[in-house]
> 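Here it is, the structure in full.
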Amino acid sequence: MKTLILTLLSLYELQLCCGAYNQNIRSQRKFEMIKTEISSYKDVAKSIIDLAVHGKAQNRSYERLALFVDTVGNRMSGSENLKTAIAYMYKSLQEDDLDRVYLEPVKVPHWERGEESAMLLEPRKKSLAILGLGGSIGTPVEGISAEVIVVSSFAELHNRSKEAKGKIVVYNEPFVNYGETVRYRGSGAVEAAKVGAVASLIRSVTPLSVYSPHTGWQWYENDVPKIPTASITVEDAEMLSRMASRGLKIVIQLKMGAVNHPDADSYNTVAEIVGSKYPEQVVIVSGHLDSWDVGQGAMDDGGGAFISWEALSLIKDLGLRPKRTLRLVLWTGEEQGGVGASQYYELHKKNISNIDLVMESDIGTFMPLGMQFTGKPEARAIMTEVMQLLQPINITSLYDYAEGTDINSWMQAGVPGASLFDDISKYFWFHHSQGDTMTVQDPVWMNLCAAVWTVVSYVIADMEEMLPR
């Protein structure tokens, strides 16, 4: 009996091994068929590249963006400028003769910075350049005048908590990388308030400064007192740190007219080329239309929004119609934490099984280096093959971890995601500052970004099967 049992177990294990082997063979054969299918798009990919980089569409996304930002300006959530921008884009997309153009209503935060200033009173008088941080409360009309404590980290602040009560906390945190350093912008006011500070000023989150403050959103906590908060330049943060290291008494007067209004009505702007075979299935290309209230918002995220529009224009110009619907979404309220995108997700998540790929470009449109991707290994293998279609412009690399505040919810729910990966070595020089203007943009780079964006989105939308998830 024991021998019989062992024999049966051995046969069972052999069947399992054979089954796994056969499954592996089938998977390999299927992937070879997919590779052949992708390879068949070489001529189409070349046509897209030629049109975007060398043909009549050359520089079009750049010129469209320049006209837009010069006409509208920056586009803060809840502002009249953002309303104008949405109306502008709605009209422009209709004039581009796309299949469907529509607006989806959302609610967004409405914060205004008002008049603001900071004056160093001791040990000498000097005006300090500042930008209030998004969501900050204002000061009393007469301002807040208080002694300053300078710290380089949250740990130092809490170690010196007894010194901070009744003072203005200045964070002179060194720039490590954006993800690490932005914590001081997001939570600096809360941490300062916890130790009894009356206001906080953060060193701008940038690796390079030409006396330029950089703004951004910050978050209060319900059980912590709200205090005014603003960014100062790298130069002034370092100066104040040097003064403090010499034992000098530092006094600053801070005035901020910031106001938090009730949430405002806004819209995500949507345009589509409807799919020819599977119109209910969707590939999303996107960027955000809102910006900060400084500069022109050309880099963050005008470039990403306009290469996403360009993708649909190039496909239309070539007379192509993918099997799936290609949907452009210009998000609103991204700078406040992806507010418009979050509401879009809640509205459309019931159709999640039909969302093939979500793409967002929101870290500049400098020289493209490839794409970032989040998804299953099987989907990654397909995307790697798709990227080879960009060999004519030598941009074929696929990197890990797609980025995009507006597409995070979809990726967390299992939808494959992709983002443009470009040379961001100078991105944070201009980020959220007066320097974010058309001068940052380069038409040649935008042409290349548009070519990458269009080839990838079109091929994925036109393949016979959706990406595995």
Side-chain angles (χ1 to χ4, degrees), residues 61-62 65-66 68-70 73-76 113 116 118 128-134 152 170-186 188 201-218 229-241 287-288 290-307 334-335 360-370 372 399 403-405 419-449:
S61 60
Y62 175 90
L65 177 60
F68 172 71
V69 298
D70 290 344
N74 54 54
R75 306 165 300 280
M76 185 70 175
R113 73 174 58 256
E116 55 187 17
L128 306 174
I130 67 166
L131 282 175
L133 299 182
S152 61
V170 171
Y171 293 97
N172 182 37
E173 76 290 347
F175 185 88
V176 179
N177 56 56
Y178 185 70
E180 172 71 18
T181 313
V182 76
R183 297 181 304 126
Y184 291 90
R185 190 191 77 204
L201 298 171
I202 69 154
R203 168 176 164 155
S204 288
V205 183
T206 178
L208 179 78
S209 178
V210 284
Y211 203 70
S212 51
H214 295 237
T215 188
W217 201 256
Q218 61 84 41
T229 183
S231 64
I232 59 175
T233 67
V234 171
E235 293 88 341
D236 282 341
E238 292 184 343
M239 177 192 69
L240 294 169
S241 182
H288 66 86
D290 66 302
S291 74
W292 278 98
D293 57 345
V294 290
Q296 290 183 305
M299 179 191 76
D300 185 16
D301 180 33
F306 274 66
I307 66 163
E334 187 278 340
E335 296 293 1
E360 181 172 23
S361 172
D362 184 22
I363 196 158
T365 44
F366 296 95
M367 176 64 198
L369 305 175
Q372 293 167 285
Y399 300 88
E403 297 182 53
T405 299
S419 56
L420 183 70
F421 186 66
D422 58 321
D423 177 7
I424 62 167
S425 58
K426 297 180 181 178
Y427 180 79
F428 292 106
W429 295 8
F430 310 104
H431 183 246
H432 295 183
S433 77
Q434 292 285 9
D436 183 355
T437 68
M438 264 323 280
T439 303
V440 177
Q441 299 299 118
D442 183 294
V444 173
W445 292 341
M446 287 193 70
N447 294 338
L448 292 169
C449 289

> Measure from the side-chain N and O atoms of S433 to the backbone N and O of F430, and report whether any donor-acceptor pair falls under 3.5 Å.
yes
> Could you state the interatomic distance from CZ (R203) to OG (S231), rounded to the nearest 0.5 Å?
12.5 Å
> Using every non-hydrogen atom in the two residues, find where G134 and W292 come nearest and quote the distance to one decimal.
CA-CH2, 3.7 Å
> Within the distance-only criterion (no hydrogens, no angle test), does the side chain of H214 pair as donor or acceptor with the backbone N or O of H431 below 3.5 angstrom?
yes
> Going from CG on D442 to OG1 on T439, what distance comes out if it is rounded to the nearest 0.5 angstrom?
11.5 Å
> For D236, give me all partners under salt bridge (charged side-chain N to carboxylate O under 4.0 Å, His left out), at least two apart in sequence or on another chain.
K126
> Within the distance-only criterion (no hydrogens, no angle test), does the side chain of S419 pair as donor or acceptor with the backbone N or O of S361 below 3.5 angstrom?
no
> Has the side chain of N172 got a donor or acceptor atom that lies under 3.5 Å from a matching backbone atom of L240?
no
> Report the residues that fulfil salt bridge (charged side-chain N to carboxylate O under 4.0 Å, His left out) with E173, sequence neighbours left out, ordered by chain and then residue number.
none
> Would you check if the side chain of E235 reaches a backbone N or O of Y211 as a donor-acceptor pair within less than 3.5 Å?
yes
> For the pair T215 (side chain) and G132 (backbone), establish whether a donor and an acceptor sit closer than 3.5 Å, ignoring hydrogens and angles.
yes
> Starting from the C-alpha separation in whole Å, work towards a yes-or-no answer on side chain to side chain contact (heavy atoms under 4.5 Å, CB included) for T206 and V234.
CA-CA 8 Å; T206 178; V234 171; 3.9 Å; yes
> Considering residues at least two apart in sequence or located in another chain, which fulfil the side-chain hydrogen bond (donor to acceptor under 3.5 Å, both in side chains) criterion with Q434?
none
> To the nearest 0.5 angstrom, please state how far the CG atom of L420 sits from the CD atom of E360.
11.0 Å
> Tell me if a side-chain donor or acceptor on N74 pairs with a main-chain N or O of G295 at a distance below 3.5 Å.
yes
> Of all heavy-atom pairs between R185 and W217, which one has the smallest distance, and what is that distance?
NE-O, 3.1 Å
> Within the 4.5 Å heavy-atom criterion, are M438 and Y62 side-chain neighbours or not?
yes
